[in-house]
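One structure is given here, and the rest of the page talks about it.
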Amino acid sequence: MALLVLLPLALFSAASWFARWVRPSGDEWCFLPIVRDDGFVALVDQFYSTDNGRIANGVLVASYAAFGVTGQQWYAAISSVVMLVLLWAWAWTLFRCVEWQVPRGIPLFSAAIFLAVFCFGSVNTYKTFFWPASSVSHTFPPVLAAAATIPALLATSRRGKVAATASAFVLGAVMGTLSEETSVVALSLLALAVLLSRRLFPAVRITFVRTWCAAAGAGILIGTAVLLTSPGSRNRRTRHHADSMFAPDSLLASMRGYAHILYILATNWQYLCVIAVGVLIGTLARGADGHIPRPDRRTSLLLASGAAALLFSGYVCTVIARPAFGPSVSTANRLWNDYLFLLLLLLTSAGGLLGNLIARRYRPQAKPVAMGAALVCVALTAVLATSLRTLETDMRVRAEAWDSQDHLLREQAGAGATVLPYTPLVVSKMSEPFGNNGNRPWPASCVATYYRVEKITDGRIPPN
């Protein structure tokens with residue numbers, strides 16, 4: 001098992017190594033000059049006052065933008081370590097809470113494989129993992145939301161429950177100003193937990209569960225209220241005509257877009273990897289008495305309610321994102337991560353039930369099945385690694401061209417030029433100046449600010 005654990009960890013190490021080729025693109029053109037010239041607080045204030053109101057989001061962005069290009073390159077490595085540690089702790093806590101005994105390396109292996117699929121099993125890995133602005137908004141928040149339940153799962157004493165409830169409120173408020181979409185998913189799950197608490201939790205835990213859920217929900221709602229009432233959020237809603245999201249035509253278009261998203265997710269065979277992880281856990285897990293645990297009546301209700309929360313919250317996320325993204329909301333895969341995390345959890349759980357069934361009915365075949373599931377994880381991880389190699393080539397080619405152009409533009413700006421020719425360098429469908437047939441003017445203005453000139457022109461068009 002120790003050797004198997006090393007494989008997904010090696011994948012993250014390679015991905016972090018590839019991140020050395022990351023260069024500014026998309027929103028980063030706007031973030032970097034602000035932190036460089038005006039400081040950390042200025043960028044957070046711009047998020048709140050001008051851009052979108054996401055205060056916690058601005059803090060995280062400023063944390064890596066303060067280091068310029070180097071901060072973007074290190075973000076992937078640091079965030080992957082943080083997310084892996086959080087998921088590892090969460091997996092260990094879950095096994096402890098349900099009193100399951102598993103081989104020592106299983107929690108780390110499961111967390112690593114799950115995170116690898118979450119980050120790299122995407123139709124656009126660059127935007128999901130390597131692009132810091134996207135990861136901060138849609139990849140890291142679901143992991144943080146899951147890890148926020150750890151204090152509640154461990155709480156047994158009165159003091160522990162108070163601390164868990166207080167942390168739920170604080171983290172909920174942070175989540176509300178970090179990611180609207182993850183907040184929607186979290187609120188859906190919290191509401192179901194309260195409604196079904198009598199059927200899902202022991203009687204002695206119901207009061208605590210309801211109190212904890214209420215505190216987490218209140219924190220999210222307060223954070224969301226701070227976000228929605230901010231000048232930045234009002235600017236964003238005005239800019240994208242957000243009031244139209246509730247029009248019948250928009251709701252119907254969001255439903256069609258969401259159906260398309262679900263089709264893409266359902267046909268992504270790489271998600272079989274998390275099912276295999278579930279099978280591995282289900283075949284190896286043993287109860288506190290050493291016997292194979294038997295799922296109780298709550299299992300089917302838990303899966304059904306999770307699926308309902310996924311379908312509902314995913315649609316709501318699509319509705320609130322459509323004003324900004326329009327028809328492309330069904331192809332902007334980074335927006336899916338907020339509820340994709342829940343989908344992968346459900347698939348892992350389904351795999352766990354399958355593995356448990358095999359272990360109970362075909363006990364002599366349990367070990368071969370577990371080995372087969374582990375080999376499936378290894379094979380699919382290798383596939384993910386291969387796709388990363390292809391992306392690494394694209395990133396390296398762009399980085400070399402970016403560095404060459406950056407050196408030239410800095411020389412021209414230093415010589416007193418006020419207008420610079422800029423050649424777009426696109427990677428993985430990222431926003432670049434003069435993209436979308438010139439319908440996206442904001443990246444060009446951000447690049448001009450970055451180089452401290454009045455404007456840039458399209459370097460692909462010969463001057464008159």
For Val329 and Ala321, which heavy atoms make the closest approach, and how far apart are they? CG2-CB, 3.9 Å
I'd like to know if the side chain of Gln72 pairs up with that of Trp131 as donor and acceptor (distance under 3.5 Å, no hydrogens or angles considered). no
Verify the neighbour count for atom CZ of Phe312: are there more than 12 heavy atoms of other residues, nucleotides or ligands below 6.0 Å? no
Report all side-chain donor-acceptor pairs from residues 83-93 shorter than 3.5 Å, counting only partners two or more places apart or in another chain.
| unit_1 | atom_1 | unit_2 | atom_2 | d |
| --- | --- | --- | --- | --- |
| Trp90 | NE1 | Ala146 | O | 3.3 |
| Trp90 | NE1 | Thr149 | OG1 | 2.9 |
| Thr93 | OG1 | Ala89 | O | 2.7 |

Sidechain N-carboxylate O distance under 4.0 Å for Asp403, Arg23: yes
A quick test of your reading: do over 12 heavy atoms of other residues, nucleotides or ligands sit less than 6.0 Å from CH2 of Trp442? yes
Answer yes or no: is there a side-chain heavy-atom contact under 4.5 Å between Leu311 and Tyr258? yes
Minimum heavy-atom distance Gln270-Val383, with the two atoms named: NE2-CG1, 4.1 Å
How many angstroms lie between atom CZ of Phe109 and atom CD1 of Ile281, to the nearest 0.5 angstrom? 9.5 Å
The single option from Phe114, Phe129, Tyr271 passing ring-ring contact (aromatic ring centres under 6.0 Å, His included) against Phe120: Phe129
Euclidean distance, Ile220 CD1 relative to Ser179 OG, rounded to 0.5 Å: 10.5 Å
Any side-chain heavy atom of Ser137 sitting closer than 4.5 Å to one from Asn57? yes
With no hydrogens and no angle check, just 3.5 Å: does a side-chain donor-acceptor pair link Arg322 and Thr318? no
Does Val69 form a side chain to side chain contact (heavy atoms under 4.5 Å, CB included) with Trp402? I'd like the steps, not just the answer. CA-CA 12 Å; Val69 175; Trp402 192 95; 4.2 Å; yes
Rounded at 0.5 Å granularity, tell me how far SG in Cys446 sits from CZ in Phe31. 8.5 Å
Is there side-chain contact between Arg96 and Leu153, with at least one heavy-atom pair below 4.5 Å? no
Using side-chain heavy atoms (C-beta onward) and a distance below 4.5 Å, is Arg460 in contact with Pro424? yes
Tell me if a side-chain donor or acceptor on Ser244 pairs with a main-chain N or O of His241 at a distance below 3.5 Å. yes
Please report the shortest heavy-atom distance between Thr177 and Gly223, naming the atom on each side. CG2-O, 3.3 Å
Checking Ser387 side chain against Leu384 main chain: does a donor-acceptor pair fall under 3.5 Å? yes
Check the pair Ile34 / Thr449 against side chain to side chain contact (heavy atoms under 4.5 Å, CB included), numbers first and verdict last. CA-CA 9 Å; Ile34 298 172; Thr449 302; over 6 Å; no
Pairs satisfying side chain to side chain donor-acceptor pair (under 3.5 Å), at least one member in residues 75-86, at least two apart: Tyr75-Ser135
How far does CZ of Phe341 sit from CZ of Phe118, to the nearest 0.5 angstrom? 6.5 Å
Side chain proximity check, Leu187 to Leu221, heavy atoms < 4.5 angstrom: yes
At their closest point, which heavy atom of Gly53 faces which heavy atom of Ser230, and how far apart are they? CA-OG, 3.1 Å
Is any side-chain heavy atom of Cys377 closer than 4.5 Å to one of Val277? yes
Quiz: residues 414-422 side-chain donor-acceptor pairs under 3.5 angstrom, not counting sequence neighbours:
| unit_1 | atom_1 | unit_2 | atom_2 | d |
| --- | --- | --- | --- | --- |
| Tyr422 | OH | Glu432 | OE1 | 2.7 |

Using side chain to side chain contact (heavy atoms under 4.5 Å, CB included), reason through Ile55 and Phe47 one step at a time and then give a plain yes or no. CA-CA 6 Å; Ile55 300 174; Phe47 269 67; over 6 Å; no
So, taking the atom named CD1 in Ile264 and the one named OG in Ser330, what distance separates them when rounded to the nearest 0.5 Å? 7.0 Å
Between Tyr64 and Gln73, does any side-chain donor sit less than 3.5 Å from a side-chain acceptor? no
According to salt bridge (charged side-chain N to carboxylate O under 4.0 Å, His left out), does anything in residues 64-87 pair up with another residue at least two apart or in another chain? List the pairs. none
Keeping Thr267 on the side-chain end and Tyr263 on the backbone end, is there a donor-acceptor pair under 3.5 Å? yes
Can a donor-acceptor pair be found, under 3.5 Å and without considering hydrogens, that links the side chain of Ser110 to the backbone of Pro107? no
Does the distance from a Lys or Arg side-chain N to an Asp or Glu carboxylate O, for Glu180 and Arg54, drop under 4.0 Å? yes
Contact check, side chains of Thr139 and Cys119, non-hydrogen atoms, under 4.5 Å: yes
Treating Arg234 as the side-chain partner and Thr229 as the backbone partner, does any N or O pair qualify as donor plus acceptor under 3.5 Å? yes
Do Ile275 and Thr348 come within less than 4.5 Å of each other through their side chains, counting heavy atoms only? no
Considering all heavy atoms of both residues, which atom of Thr381 and which atom of Pro8 are nearest to each other, and what is their separation? CG2-CA, 4.3 Å
Between the main-chain N or O of Ser328 and the side-chain N or O of Thr331, is there a donor-acceptor pair closer than 3.5 Å? yes
CA sep, side-chain torsions, deciding dist, call: Cys30, Tyr450, side chain to side chain contact (heavy atoms under 4.5 Å, CB included): CA-CA 7 Å; Cys30 295; Tyr450 183 79; over 6 Å; no
Nearest atoms (heavy-atom pairs only) where Ile113 meets Cys273: CG2-SG, 3.5 Å
If we ignore angles and hydrogens, is there a donor and acceptor under 3.5 Å between the side chains of Ser428 and Asp394? no
Between the side chains of Arg410 and Asp406, is the shortest nitrogen-to-carboxylate-oxygen separation below 4.0 Å, so that they form an ion pair? yes
Sequence-distant partners of Phe18, side-chain contact (heavy atoms from CB on, under 4.5 Å), two or more places apart: Ala14, Arg20, Phe130, Leu388, Arg389, Glu392
Tell me which pairs pass side chain to side chain donor-acceptor pair (under 3.5 Å) where either residue lies in residues 117-127, with sequence neighbours left out. Ser122-Thr128, Ser122-Asn333
Going from CZ on Arg398 to CD on Gln405, what distance comes out if it is rounded to the nearest 0.5 angstrom? 9.5 Å
